[in-house]
> 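Quick one: the structure is below, and I'll ask about it shortly.
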Amino acid sequence: MHPQLSSLRHLLATFGVACAVCLVAMLATVPAEAQLAGTAVDLYGDRQRGVTLELPSHWDVEDLERNGGLLLSSPVERDGRQAHVFLELRPEFGQVTIDELADVLVEELQSSKANLSIDVHSADDHPSGSPSLTLVYSYDLDGLRLVETMVILWFDTRSPLLVTGSALADDWDGDLDRIERLIFSLRPMQARSARAS
């Protein structure tokens with residue numbers, strides 16, 4: 001073998017090992033949630049609520065039978081809390097207009113949340129094409145500032161779907177992408193096939 005080719009191979013091998021060591025060292029200093037940000041999603045089907053969604057593959061799923069809700073949680077915990085999304089059917093919401101519901105929800109939030117600040121209040125179409133109502137608000141709970149986004153989707157006018165995403169205010173910017181991606185991915189089950197629960 002030519003001496004220059006042998007030296008080049010040795011140099012490339014050494015460079016490759018050095019890059020791998022640097023990458024491992026960099027990942028060790030990056031917060032766990034940032035490492036998970038690029039994690040793949042799974043298409044998840046929920047027959048009880050009649051929806052499919054794109055679920056980050058590292059998130060946990062818990063069907064809360066006692067209240068008919070589905071809890072989707074990030075595995076990363078900060079200050080004893082995890083970013084999460086909660087889904088539940090709310091048949092009583094099918095009996096009122098979007099504007100009436102918005103007024104009722106804002107009033108309910110104002111009476112139940114300490115230091116409430118409502119940042120977004122909009123009635124618009126969800127990416128699925130379904131009518132939706134969105135509220136984004138922050139409040140204090142147990143010495144922590146939380147931010148939530150609440151979306152009501154009318155996939156089925158008789159029983160709208162209430163979706164609430166929640167995270168610590170300090171982590172909201174980092175968690176927002178995952179929460180929004182999950183909420184924006186929601187579709188009525190018949191609209192696409194998925195691994196159903």
> Look at the side-chain heavy atoms of Ile, Leu, Val, Met, Phe, Trp and Tyr, link any pair under 4.5 Å apart, and say whether Val147 and Ile179 land in one connected group.
yes
> Can you confirm whether Leu55 sits close enough to Leu72 that some side-chain heavy atom of one is under 4.5 Å from a side-chain heavy atom of the other?
yes
> Please determine whether residues Trp172 and Leu141 belong to a single hydrophobic cluster, defined as Ile, Leu, Val, Met, Phe, Trp and Tyr linked transitively by side-chain heavy-atom distances below 4.5 Å.
no
> Indicate if Leu109 and Phe93 have the same hydrophobic cluster label, given that clusters are the connected sets of ILVMFWY residues with side-chain heavy-atom separations under 4.5 angstrom.
yes
> Please list all pairs meeting salt bridge (Lys or Arg N to Asp or Glu O under 4.0 Å) that have one or both residues in residues 103-115, counting only residues at least two apart or in different chains.
none
> Apply side chain to side chain contact (heavy atoms under 4.5 Å, CB included) to the pair Val41 and Arg181, showing each step before the final yes or no.
CA-CA 10 Å; Val41 295; Arg181 182 176 179 179; 3.5 Å; yes
> If you look only at pairs with a residue in residues 129-141, which of them pass as a salt bridge (Lys or Arg N to Asp or Glu O under 4.0 Å), with sequence neighbours excluded?
Asp140-Arg145
> Please round to the nearest 0.5 Å and tell me the distance separating atom CG of Leu53 and atom OG of Ser185.
5.0 Å
> Kindly say whether Asp124 contributes a backbone atom to a donor-acceptor pair with the side chain of Ser122 at under 3.5 angstrom?
no
> Linking I/L/V/M/F/W/Y whenever any side-chain heavy atoms sit under 4.5 Å apart, do Val96 and Leu135 land together?
yes
> Within the 3.5 Å criterion, strictly below it, is a donor on Asp119 or Ser117 matched to an acceptor on the partner's side chain?
yes
> In the structure I gave you, are the side-chain heavy atoms of Ile118 and Val136 within less than 4.5 Å of one another anywhere?
no
> Please check if Val120 and Ile183 belong to a single hydrophobic cluster, counting links between Ile, Leu, Val, Met, Phe, Trp and Tyr side chain heavy atoms closer than 4.5 Å.
yes
> Look only at the side chain of Ser132 and the backbone of Val151, and say whether a donor-acceptor pair between them is shorter than 3.5 Å.
no
> With Tyr44, which of Val51, Leu70, Thr52 fulfils side chain to side chain contact (heavy atoms under 4.5 Å, CB included)?
Leu70
> Write out all pairs satisfying salt bridge (Lys or Arg N to Asp or Glu O under 4.0 Å) with one or both partners inside residues 82-100, taking only residues at least two apart or from two chains.
Glu88-Arg90, Arg90-Glu92
> Please collect all side chain to side chain donor-acceptor pair (under 3.5 Å) contacts where either partner lies in residues 147-161, sequence neighbours excluded, each pair once.
Tyr137-Glu148, Tyr139-Glu148, Glu148-Ser166, Asp156-Arg158
> Can you establish whether the number of heavy atoms outside Asp142 located under 6.0 Å from its atom CG is more than 12?
no
> Taking atom CG of Leu146 and atom OG of Ser138, what is their separation to the nearest 0.5 Å?
9.0 Å
> Do the side chains of Arg178 and Trp59 get nearer than 4.5 Å, heavy atoms only?
yes
> Whether the side chain of His58 engages the backbone of Val76 through a donor-acceptor N/O pair (distance < 3.5 Å, no angle test) should be reported.
no
> Taking only residues two or more places apart in sequence or in another chain, which ones pass side chain to side chain contact (heavy atoms under 4.5 Å, CB included) with Asp79?
Leu144, Leu168
> Should Val163 and Val85 count as side-chain neighbours, where that means a heavy-atom distance under 4.5 Å?
yes
> Linking Ile, Leu, Val, Met, Phe, Trp and Tyr through side-chain heavy atoms less than 4.5 Å apart, which residues share a cluster with Leu71?
Leu64, Phe86
> If I take atom CG from residue Asp171 and atom CZ from residue Arg81, how far apart are they, to the nearest 0.5 angstrom?
11.0 Å
> Are the charged groups of Asp63 and Arg49 less than 4.0 angstrom apart, N to O?
yes
> Restricting to non-hydrogen atoms, name the atom on Pro131 and the atom on Asp125 that form the minimum distance, rounded to 0.1 Å.
CA-OD1, 3.7 Å
> I need the Arg187 CZ to Leu153 CG distance, nearest 0.5 Å.
9.5 Å
> Quick check for you: to the nearest 0.5 Å, what is the distance between Leu105 atom CG and His121 atom NE2?
8.5 Å
> Once you round to the nearest 0.5 Å, how far does CG of Leu133 lie from CE of Met150?
8.5 Å
